[in-house]
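Worksheet: the structure to be examined is printed underneath.
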Amino acid sequence: MDELLAKLTAAQQQAVTHIDGPLLVLAGPGSGKTRVITHRVAHLIHQGIRPYNILAITFTNKAADEMRQRIAAFNLPRGSTICTFHSLAARLLREFHEKADLPADFSIYDDADQRSAVRDATKKIELDPQNFPPAQMLNQISACKNDLESPEQFAARRTDFRGQKIALIYSAYQKQLKQNGALDFDDLLMKLALLLRDSELRDLLNQRFRYVLVDEYQDTNHCQYQIARGLALNHRNLCATGDPDQSIYGWRGADIGNILAFEQDYPDAKIVRLEENFRSTPQVLDLADQLIRANKKRKIKKLFTSLPPGSPCELAEFEDEYDEARGMTDWLQSLKEQNLEYRQMAVFYRVNSMSRPLEEALRRATIPYQIVRGVEFFQRKEIKDMIAYLRLLINLSDQVALKRVINRPTRGIGQTTIGRIFDHANSSGKDLWQILNNIDQVPTLANAARTRVKKFVAIIADLQKNLNQPVRQIVQTTYKKTGMESLLKADKNEDPHDNVCELVNSAAQYDNDSEAPSLAEYLQQIALVSDSDAYDAESGSVSLMTLHAAKGLEFPAVLIIGVEHGLIPHARSLDSEDSLEEERRLLFVGITRAQQKLRLSFARRRTNQGASLTTIRSEFLRTLQGLDFQQSLSPYEDFNDADEFQDEFQPIRRNNYQSHHRPHQWNNSPKKSKKRRPTSIDDSQTSTSTRSDINLQPNQLVRHPKFGLGRVKSISSDREHCFVVIQFNTGARKTLDLQYAKLDILD
DNA sequence: ACCTTTCTAGTTTTT
DNA sequence: CTAGAAAGGT
């Protein structure tokens, strides 16, 4: 052990050797935080503490797996609990389900399930989902749950008309979940937090988990904060690690104040700062620091590294997203020539939809890539159907699941029949499965419908006999006996069938990995999959992911695309200083993933919802010095490529209509755009982009979809908006916000 | 009951 | 643009 300590810095050693009492580790990016946590767990065990008494809470399952492996490498006894907040909650709620007043095999509802349930709830209390959109309601409800606020408390706070209605929906939704034997993601946390108010149970858990570690503490919400506090209430052996500068989940209730106030919560806490960076070149670190310095609400941290200098960070400009995508493949290929492997490269973007043009370009360039999006697979229709069947097997009260599969494949059970069954369930107050098993007692049903429902119930009952088999087996028989297999095999699109095979594989994998496999546990596990869980370091391919999913990872080469106003920072984050700072932290997280090579890129126009819009560079670029600016001086210009459309549509093709041709031209690289024009105000001196300039200049001819042709009279911008005054040919003179105006730049 | 067509509304980030 | 819901026809 001493030998292991010797490899750590003084600060790291302090954190590792601290045993009893609260500990806060403020760890800058790349400062060896994971190393500290794993060493600390090893050290605790080495000191004679039983692994069983140690609980480490990570942010993703992936992180938990990795940590488990790294601790296993110390060759110490195993048995520590390492998991996420959500899976900890799911486990404990299952274990103590009676105390929590839950069925043992509750369902866990994902986004779509939640929407369906809240929709049903809204209708049930005779409100129109049109006026109370499920997604919006869920946002509000989620916020409540994160703050441990009950419907009654919400109603007391929001006394306005709409607030009262939302409170009713919240309450009806909870009732609906209860009736379905289901919990949503937020419920998992909320129920655990509430459970911990029971002193008997809390004492028991305090005794079990005598040492508690919480990673990424800056991203805990109030509920998680209460859980952490409750779990360590008696012994106070709470170790929180994190970095306020990497707090990027404020939008889902994370409270950066939790980490900032740790010292107030635990006045006797030992504080350790890890400021030496072992990951990035001085250039990368310097850029990150320049960016994050602009945030006002933060704890100043001085990051430093003793790594040797690398190459300058780059900023690259492109014509549009397709151009940018090809810029990406070029860059990746040039790095490959410099002896980097593809698996050492990553591309980050702000929103998932930005991956499309990238994928296309990567396929065309035959560069292997993986999209790190774990949840996507489980959102496919056929997979959701299969999971709904499986859920139904262990929880027949699950109305959302039942509704989903009762008529898939079609069994002649339509909406009317389903409606009547549910109505009966609601009015009689009986469990759904009781009604299904005694379908003759539903008076409103036609005989034919009864027969069909009975047939369906027989299928489910038959499947339920085999629940003690391996999960792979259960999934396979379910696929067969429900008729899903014949349905999907008859489809000329083979993907759905292949996907179910993939699901079978995942079940087999689970059977292998788990000590005591059960369908319930398997379902719980896949319900809590996160995007980053899909990252495969061994795959040998370039990784594509959102900036959020990039947290906790590192790559020798990193490209961040779409560094534009409205994207980074995102348009929905512009209205408050706090959310703007969070966007800055998000970019900070992205930048600090890079070990050696870092490039940011942006496009001058980007297709948004079918329309190509002129963009503005991100204002975050303004404060950055020392970026090596690469303009795309039409490296992709190819006049041979100009097909017959070019001449015919020349005046139009400079405009939005360009994008209409795009989806169809797989082989043709999208026709490009002529010579680069000095469309920026100060192109000449932008070697380090010191200002956020736009691609317009006075007197420029433009076209607006509504107002027609016009000329730019003046341009002005503040931090958040860029306004242009345009004199239109119709006589109108308008001031337009570039963010919204769909302007085409004409010659 | 079910299929097709039409329309409308919603578009950040995620456990 | 695209997915999902309402509407209308068979």
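Numbered from 1 within each chain, the chains take letters A, B, ... in sequence-line order.
In this entry the distance linking NZ of A:Lys381 with C1' of C:dT2 reads 13 Å, nearest Å. Note: CG (A:Asp120) to C1' (C:dA5) measures 14 Å, nearest angstrom. Across the protein-nucleic acid pair, A:Ile421 atom CD1 and B:dA1 atom C1' stand 14 Å apart, rounded to whole Å.
Contacts of A:Asp385 classified as side-chain hydrogen bond (donor to acceptor under 3.5 Å, both in side chains), with partners at least two apart in sequence or in another chain: A:Arg404, A:Arg408. Residues forming a salt bridge (Lys or Arg N to Asp or Glu O under 4.0 Å) with A:Glu66 (at least two apart in sequence, or on another chain): A:Arg70.
The nearest pair of heavy atoms linking A:Ala534 to A:Gln370 is O-OE1, 3.9 Å.
Using a 4.0 Å cut-off between a side-chain N of Lys or Arg and a carboxylate O of Asp or Glu, A:Lys297 and A:Glu581 do not qualify as a salt bridge. The pair A:Asp243-A:Lys33 does not meet the salt-bridge criterion, since no charged nitrogen lies less than 4.0 angstrom from a carboxylate oxygen.
Formation of a donor-acceptor pair under 3.5 Å by the A:Asp110 side chain with backbone atoms of A:Ala527 is not found in this model.
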Under 4.0 Å protein heavy-atom contact, by nucleotide of nucleotides 7-15 of chain B - B base, S sugar-phosphate only: ----BBBBB

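Nucleotides C:dA5 and B:dT12 place their C1' atoms 24 Å apart, quoted to the nearest Å. When the C1' atom is compared between C:dG4 and B:dT13, the two are found 22 Å apart, to the nearest whole Å.
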